[in-house]
Amino acid sequence: MSGCENARRRAAPSRPRRIWTKESGAGFMPTEQELIAQRYAKLEALRQAGADPFAIHRFDRTHTTAQAVAEITAVEAQTGDQTDWDSIHLPARLCGRLMAKRDQGKAIWADLHDGEGKLQLWVRKDLLGDGFAGFQDLDLGDIIGCEGTLFRTRRGEPSLRVESFVLLAKALRPLPEKWHGLQDTETRYRQRYVDLMVNSEVRELFRKRSRAVSGLRRYLDSQGFLEVETPIMQTLYGGAAARPFITHHNALDMDLYLRIAPELYLKRLLVGGLERVYEIGRMFRNEGVDTRHNPEFTMVEAYQAYTDVEGMMRLTEGMLCALAEAANGSLHCTYRGMKIDLTPPWPRLSLLESVKEVTGVDFGCLGSDAEAQEACRDLDLLEVQDASLAGLLDKAFERYVQPRLVQPTFVVDYPVVISPLAKRKAPGSDLTARFELFVGTEEVANAFSELNDPVDQRQRFEAQVAMRAAGDDEAHPMDEDYLRALEYGLPPAGGMGMGIDRVMMVLCDRPSLREVILFPHLRPEE
RNA sequence: GAGCCGUUAGCUCAGCUGGUAGAGCACCGGACUUUUAAUCCGAGGGUCGGGGGUUCGAAUCCCUCACGGCUCACCA
């Protein structure tokens with residue numbers, strides 16, 4: 001079956017349809033199906049002529065567009081102001097996507113885009129001869145390879161004088177408009193390939209993200225950390241307060257959980273003697289989707305033996321600075337109009353003190369949920385569903401303190417009840433040696449001195465199990481193997497986790513997590 | 001899960017108190033060998049997100065469903 005027939009079948013029109021031909025002539029205004037059919041017709045003609053683009057396996061280029069521009073500039077640096085391009089022969093073979101065509105009859109100016117940039121093509125009938133008509137038949141979006149000589153035009157545009165070209169892949173669908181590009185948010189996320197194709201700033205953003213993660217790896221490696229991989233499918237989940245996704249293993253006939261955090265596995269590695277480990281990977285949490293939450297997201301977690309939450313502060317500073325330097329080449333950035341300076345060291349702020357300062361409510365003096373509800377009566381926390389002491393504290397902080405945390409700030413002294421894996425500040429204390437990092441009002445990291453007392457840890461798990469029985473489906477399940485590992489001896493250690501997507505949102509000044517995730521989760525079409 | 005907003009040509013968008021659909025780009029025909037949002041001449045496309053209702057008449061008003069966006073809830 002030819003592609004052309006395929007396209008027509010998909011069109012499935014309910015009325016007689018016009019089929020494009022060369023003879024359709026003036027007045028032919030195509031619908032999308034007809035635009036596609038036109039291109040299939042061109043493809044079919046090429047196949048008939050023995051020039052099937054999809055039969056080609058490779059194209060050996062000599063230059064990317066960036067290299068071509070660099071070479072032109074280098075020659076000019078040698079020849080001075082009056083570079084005579086007629087007497088210079090700079091052969092080059094380039095390939096990429098045809099993104100613009102300016103037809104002048106016997107010559108065509110065109111723009112060739114590749115992974116690094118673009119180069120203008122000058123296509124002349126007297127140089128191509130019979131091949132010129134073939135170039136005229138190309139559509140925007142077609143992927144081509146070109147051979148010719150490099151030069152710069154009178155207007156100063158680096159260009160390739162094309163001597164021959166070959167179609168390497170036919171674009172069978174029309175591209176979005178050249179000037180406004182693709183704006184529709186939904187289409188941008190659903191068809192990210194089109195978004196990347198036409199919106200250069202989107203390409204740059206994801207390059208930045210890639211550079212940032214590389215920079216983070218380099219930093220952690222340089223600090224003596226070992227990158228490891230732990231199970232994504234787990235028989236028991238833990239390490240965070242969240243509901244998991246459940247999947248099923250057929251051969252073993254058992255349900256498995258997609259991890260909500262790698263924490264408990266990474267600390268098992270500390271028990272085993274790997275003293276500095278980290279993992280960068282995808283986490284899965286079965287919860288709502290909004291501008292700050294995607295069901296799958298990327299997190300880095302790092303664990304270091306023989307240090308504590310203080311050590312994690314220094315490590316976190318180093319990690320975020322490495323990310324920022326790699327992404328932006330700077331420790332300064334702007335997020336939602338806020339100017340942020342990431343230069344360490346960063347200040348600390350007590351959770352309880354900060355809430356007390358802003359709201360006047362001293363949660364440290366409150367003993368019960370009822371007392372907390374009474375104390376919060378004048379605060380704007382009416383819709384909060386979890387009206388427990390911890391829930392109200394959390395919400396009061398989020399609503400009154402967090403919006404003020406523009407510059408990087410370590411919020412410290414989290415209560416034990418919401419920190420089941422963190423070490424107490426001192427024996428018997430209700431506070432833990434923990435911090436959460438806020439930058440640009442966003443929470444981006446969480447860290448603490450790791451609880452290594454198996455007896456205390458068992459009691460904490462039991463408390464979680466009780467909360468679970470009381471209806472909290474985000475509380476930890478009991479993990480006997482983890483407790484067994486602690487019984488072998490976990491050295492005192494610090495551990496931290498940082499949301500890479502959140503960090504990129506801040507570093508790239510994007511209004512939504514979806515903007516920094518290549519394929520954010522969306523409901524299916526139709 | 002709730003509230004508000006949105007969905008019109010392939011893309012970007014107009015379309016007023018209801019009178020039967022518009023532009024730019026893209027596409028098609030023609031001219032043009034230094035253009036770069038090329039230009040000029042010509043041609044003129046649509047299930048107005050889907051379904052239902054009100055009306056002589058609906059892109060427009062009402063109901064409903066789908067998808068998206070924002071806010072809240074949930075959540076780190």
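Computed from a predicted model, the values in this text were never measured in an experiment. Chain letters run A, B, ... following the sequence lines, proteins first, then strands; residues in each count from 1.
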Salt bridge or not between R209(A) and D501(A)? Use side-chain N to carboxylate O under 4.0 Å. yes
Where the side chain of L35(A) is defined as all heavy atoms beyond and including C-beta, which of rC70(B), rC27(B), rC11(B) is the nearest nucleotide? rC27(B)
Using only side-chain N and O atoms of R285(A), determine if any of them is under 4.0 Å from OP1 or OP2 of rC74(B). no
Using atom P in both nucleotides, what's the gap between rU71(B) and rU8(B) to the nearest angstrom? 23 Å
Distance between P atoms of rU7(B) and rG49(B) (Å, rounded): 7 Å
Please determine, for the side chain of T291(A), which listed nucleotide (rU71(B), rA26(B), rA73(B)) has the closest atom? rU71(B)
Give one of base, sugar-phosphate or nothing for R514(A), where a contact means two heavy atoms less than 4.0 Å apart. sugar-phosphate
Heavy-atom check, side chain of M313(A) versus side chain of R348(A), under 4.5 Å: yes
Report, one pair per line, the protein and nucleotides 31-33 of chain B atoms (nitrogen or oxygen only) whose separation is under 3.5 Å.
unit_1  : atom_1 : unit_2  : atom_2 : d
rC32(B) : N1     : Q104(A) : O      : 3.3
rC32(B) : N3     : D103(A) : O      : 3.4
rC32(B) : N3     : G105(A) : N      : 3.2
rC32(B) : N4     : G105(A) : N      : 3.2
rU33(B) : OP2    : Q104(A) : O      : 3.4
rU33(B) : OP2    : K106(A) : N      : 3.3
rU33(B) : O4     : D126(A) : OD2    : 3.3

How many Å lie between CD on Q183(A) and P on rU12(B), as a whole number? 7 Å
Among the nucleotides rU36(B), rC70(B), rC11(B), which one has an atom lying closest to any side-chain atom of L182(A)? rC11(B)
Check ion pair K267(A)-E450(A) (N to O, under 4.0 angstrom): yes
Once you apply the 3.5 Å cut-off to both distances, tell me the Watson-Crick or G-U wobble partner of rA21(B), or none. none
May I have the step-by-step check of side-chain hydrogen bond (donor to acceptor under 3.5 Å, both in side chains) for E116(A) and T65(A), ending in yes or no? CA-CA 7 Å; E116(A) 297 177 36; T65(A) 56; over 6 Å; no
Give G499(A) one of three labels, base, sugar-phosphate or nothing, depending on what nucleic acid heavy atoms sit under 4.0 Å from its own. nothing
P-based separation of rC16(B) from rC62(B) [nearest Å]: 14 Å
Measuring from the side chain of E287(A) (C-beta onward, heavy atoms only), which nucleotide among rC75(B), rU34(B), rC11(B) has the closest atom? rC75(B)
Closest to side chain of E177(A), choosing from rC67(B), rC11(B), rC70(B): rC11(B)
Under-4.0 Å side-chain N/O to phosphate OP1/OP2 contact, K101(A) with rC27(B): no
Which nucleotide in rC70(B), rU36(B), rC28(B) has an atom nearest any side-chain atom of R102(A): rU36(B)
By nearest-heavy-atom nucleotide on RNA chain B, the more 5' of D394(A) and R292(A) is R292(A)
Closer than 4.0 Å, any side-chain N/O of K178(A) to the OP1 or OP2 of rC11(B)? no
By salt bridge (charged side-chain N to carboxylate O under 4.0 Å, His left out) - contacts of D126(A) (at least two apart): R124(A)
In whole Å, I'd like the distance from the CD atom of E186(A) to the P atom of rG69(B). 7 Å
P spacing across the pair rA58(B) / rG1(B), given as an integer number of angstrom: 34 Å
Specify the separation, in whole Å, of atom CD1 of I72(A) and atom C1' of rU34(B). 14 Å
Pick the C1' atom in rA38(B) and in rC32(B), then give their distance to the nearest Å. 11 Å
Of V411(A), V355(A), D413(A), the residue whose pairing with S350(A) passes side-chain contact (heavy atoms from CB on, under 4.5 Å): D413(A)
Between E279(A) and T230(A), is there a donor-acceptor pair closer than 3.5 Å when you use the side chain of the first and the backbone of the second? yes
Could you tell me whether E442(A) contacts a base, only the sugar-phosphate backbone, or nothing, with contacts defined as non-hydrogen atoms closer than 4.0 Å? nothing
Atom-pair distance (CG on D139(A); P on rG10(B)), nearest Å: 17 Å
Counting only side-chain N and O atoms of K395(A), is one of them less than 4.0 Å from OP1 or OP2 of rC74(B)? yes
Distance-only donor-acceptor test, E443(A) side-chain atoms vs rC75(B) base atoms, 3.5 Å: no
Would you mind classifying the nucleic acid contact of A110(A) as base, sugar-phosphate or nothing, using non-hydrogen atoms under 4.0 angstrom? nothing
Distance check needed: rG69(B) P versus H521(A) NE2, whole Å only. 12 Å
Expressed as a whole number of Å, how far does the P atom of rC5(B) sit from that of rA9(B)? 22 Å
Using Watson-Crick or G-U wobble geometry with both distances under 3.5 Å, which nucleotide pairs with rG57(B)? none
Establish, with yes or no, whether the OP1 or OP2 oxygen of rC75(B) is under 4.0 angstrom from a side-chain nitrogen or oxygen of R502(A). no
Donor-acceptor pair (no angle test) under 3.5 Å: H293(A) side chain, rC75(B) base: yes
Between P of rA26(B) and CE of M197(A), the distance in whole Å: 18 Å
What nucleic acid atoms does R190(A) come within less than 4.0 Å of, heavy atoms only: base, sugar-phosphate, or nothing? sugar-phosphate
Go through H521(A) and E296(A) one step at a time and tell me if the side-chain hydrogen bond (donor to acceptor under 3.5 Å, both in side chains) criterion holds. CA-CA 8 Å; H521(A) 184 264; E296(A) 54 180 304; over 6 Å; no
Rounded to whole Å, CG of L522(A) lies from C1' of rG68(B) at a distance of 8 Å
If we take the C1' atom in both rA23(B) and rC48(B), what is their distance in whole Å? 16 Å
Salt bridge flag under 4.0 Å for residues R285(A) and E474(A): no
Touch class at under 4.0 angstrom, heavy-atom based, for E474(A) against every strand present: sugar-phosphate
Distance check, P atoms only: rC25(B) and rG42(B), in whole angstrom units. 14 Å
Write down the distance between CZ (R523(A)) and C1' (rA66(B)), rounded to a whole number of angstrom. 10 Å
Taking only the side-chain heavy atoms of Q120(A) (C-beta and beyond), determine which of rU36(B), rC75(B), rC70(B) contains the nearest atom. rU36(B)
Salt-bridge present (R152(A), E157(A); N to O < 4.0 Å): no
Less than 4.0 angstrom from a charged side-chain N to a carboxylate O is my criterion; do R161(A) and E163(A) meet it? no
With a 3.5 Å limit on both atom pairs, tell me what rC67(B) is paired to, counting Watson-Crick and G-U wobble, or say none. rG6(B)
